[in-house]
Student: 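Here's a structure for you.
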Amino acid sequence: MPIVTQIDYLQYGDMLAFIGNSLLKPMTQTQSVGLDPLFWKSLPDFGEDSIGEAVSLCEGIAERIGRECGERAVEVVSVEYTRLFVGPPSPAAPPWETMYRGSTNVGFGEATFEMRNCLHDLGLELSNENRQYEDHMGIELLYLSELCRCAVKGENCENQLRSFIAKHPLSWIDAFLDRIEGVFPEGYFSGLVRLEKALLLAC
């Protein structure tokens, strides 16, 4: 049985939002809570072994980075972020769905327009502060977190939630993770995206 029928939508959505925000900005521009092993210990596993294992993996990565890098930990994770999702000369792991649908036309692919419509239907508009396109993995996760908030309010959006997960992030997360692990196989974002995959599959 899908865990999303049994869990607190707010907690589930908050975990997706945390991962989404972590994929949208380097740690130098956001909070560094992901490097605190106690943060990971505080997260629920919703009774799913796969989620618990992924959370433990993230905890272990945070401990290792802290032990090996000390005060440079945030800088090290931010460098990893830049290499993976920014470049130069280009991202090692492009964070846009369009790139995994066989197109290099980022910002104008079918996935971008689909996501634009999804956001519009929820009354959301992308501020584009960091010039990201709508089919960015981070934005897809933030959209899911908003659907979870709708569920908290009692709106009937479970089918929409599952349909979106299957059609969008889950359809390309394996290829995305392969790119990440091809450069940083034991890095911070490998653990983070493995947790994302466990959460999405459990829904």
Student: For residues Gly13 and Ser145, report the shortest heavy-atom separation together with the two atoms involved.
Tutor: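 Residues Gly13 and Ser145, closest heavy atoms: O-CB, 3.3 Å.
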Student: When rounded to the nearest 0.5 angstrom, what is the spacing between CG in Leu24 and CD1 in Ile19?
Tutor: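 Those atoms lie 12.0 Å apart.
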Student: Hey, quick one: are Val33 and Val77 part of the same hydrophobic cluster, counting side-chain heavy atoms closer than 4.5 Å, chains of contacts allowed?
Tutor: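 Shared cluster, yes.
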Student: For the CG atom of Leu144 and the CD atom of Gln160, what is their distance to the nearest 0.5 Å?
Tutor: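 If we round to the nearest 0.5 Å, Leu144:CG and Gln160:CD are 9.5 Å apart.
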Student: Once you round to the nearest 0.5 Å, how far does CG of Leu57 lie from CH2 of Trp40?
Tutor: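 Nearest 0.5 Å value for the CG-CH2 distance: 9.5 Å.
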Student: Indicate yes or no: at least one non-hydrogen side-chain atom of Val55 is less than 4.5 angstrom from one of Asp45.
Tutor: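 Result no, sub-4.5 Å side-chain heavy-atom pair not found.
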Student: State, to 0.1 Å, how close Leu161 and Cys203 come at their nearest heavy-atom pair, and which atoms those are.
Tutor: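 So the two residues come closest at CD2-SG, 3.9 Å.
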Student: Determine yes or no for a side-chain-to-main-chain donor-acceptor pair under 3.5 angstrom, with Ser171 supplying the side chain and His168 the backbone.
Tutor: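 The answer is yes, because a donor-acceptor pair under 3.5 Å joins these two groups.
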Student: Could you see if Val79 belongs to whatever hydrophobic cluster contains Ile65? Use Ile, Leu, Val, Met, Phe, Trp, Tyr and a side-chain cutoff under 4.5 Å.
Tutor: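 In one cluster with Val79: Ile65, no.
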Student: With side chains defined as the heavy atoms from C-beta onward, is the minimum distance between Tyr143 and Glu134 less than 4.5 Å?
Tutor: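 The answer is no, as the side chains (C-beta and beyond) never meet within the 4.5 Å cut-off.
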Student: Minimum heavy-atom separation for Phe39 to Gly34, with atom names?
Tutor: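 Reported closest heavy-atom pair: CD2-CA, 4.3 Å.
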Student: Can you give me the closest heavy-atom contact between Leu141 and Leu16, atom names plus distance?
Tutor: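 Closest approach of Leu141 to Leu16: CB-O, 3.6 Å.
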Student: Between Tyr133 and Thr98, is any pair of side-chain heavy atoms under 4.5 Å apart?
Tutor: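 Side-chain contact under 4.5 Å: no.
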Student: Side-chain contact, heavy-atom cut-off 4.5 Å: Ser190 with Glu186?
Tutor: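 No, side chains not in contact.
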Student: Is Arg149 salt-bridged to Asp14, going by a charged N under 4.0 Å from an acidic O?
Tutor: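 Answer for the salt bridge query: yes.
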Student: Looking at Glu71, I want to see if its CD is surrounded by more than 12 non-hydrogen atoms of other residues, nucleotides or ligands under 6.0 Å.
Tutor: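 No - once you tally the heavy atoms of other residues, nucleotides and ligands closer than 6.0 Å, there are 12 at most.
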Student: Do Arg83 and Glu80 touch side chain to side chain, with heavy atoms closer than 4.5 Å?
Tutor: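 A side-chain contact under 4.5 Å is absent here.
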Student: Measuring centre to centre across the rings, with the benzene-like ring taken for any Trp, is Phe184 within less than 6.0 Å of Phe189?
Tutor: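 Not close enough - the centres of the two rings lie 6.0 Å or further apart.
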Student: Find the distance between CD (Glu196) and CD1 (Ile51) and round it off to the nearest 0.5 Å.
Tutor: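 Separation between the atoms: 12.0 Å.
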Student: How far apart are the closest heavy atoms of Val76 and Cys69, and which atoms are they?
Tutor: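 Heavy atoms only, the tightest pair is CG2-SG, 3.7 Å.
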Student: Quick check: does any side chain N or O of Tyr81 sit under 3.5 Å from a backbone N or O of Lys25, one acting as donor and the other as acceptor?
Tutor: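 Yes, Tyr81 side chain to Lys25 backbone: donor-acceptor pair under 3.5 Å.
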Student: Return the CG to CZ distance between Leu35 and Arg64, rounded to the nearest 0.5 Å.
Tutor: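 So the CG of Leu35 and the CZ of Arg64 are separated by 11.0 Å.
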Student: Taking the side chain as every heavy atom from C-beta outward, state whether Met99 and Phe176 have any pair of such atoms under 4.5 Å apart.
Tutor: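 Met99 vs Phe176: side chains apart.
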Student: Judged by atom type as modelled, is there a donor-acceptor pair below 3.5 Å linking the side chain of Thr82 to the main-chain atoms of Ser78?
Tutor: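 Yes; at least one donor-acceptor contact below 3.5 Å.
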Student: Run Lys197 and Asp174 through side-chain contact (heavy atoms from CB on, under 4.5 Å) and show every step you take.
Tutor: CA-CA 8 Å; Lys197 180 179 176 180; Asp174 283 333; 2.6 Å; yes
Student: Considering only heavy atoms from C-beta outward, does the side chain of Phe46 approach that of Met15 to under 4.5 Å?
Tutor: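 Phe46 vs Met15: side chains touch.
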Student: Sort out for me which residue in Leu23, Val193, Val183 forms a side chain to side chain contact (heavy atoms under 4.5 Å, CB included) with Leu84.
Tutor: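 One option only clears the test, and that one is Val183.
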Student: Is the shortest side-chain N to carboxylate O distance from Glu140 to Lys167 below 4.0 Å?
Tutor: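 Here Glu140 does not pair with Lys167 in a salt bridge, since their nearest N and O are not under 4.0 Å apart.
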Student: If you compare all heavy atoms of Ala93 against all heavy atoms of Arg179, which two are closest, and at what distance to 0.1 Å?
Tutor: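 Shortest heavy-atom contact: CB-CB, 3.6 Å.
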Student: Is a salt bridge present between Glu97 and Arg101, judged by a nitrogen-to-oxygen distance below 4.0 Å?
Tutor: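 Here Glu97 pairs with Arg101 in a salt bridge, since their nearest N and O are under 4.0 Å apart.
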Student: With rounding to the nearest 0.5 angstrom, report the CZ to NE2 distance, Phe85 to His136.
Tutor: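 It is 7.5 Å, given to the nearest 0.5 Å.
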Student: I'd like to check Asn21 versus Gln31 (side-chain heavy atoms, cut-off strictly below 4.5 Å). Are they in contact?
Tutor: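 They are not in side-chain contact.
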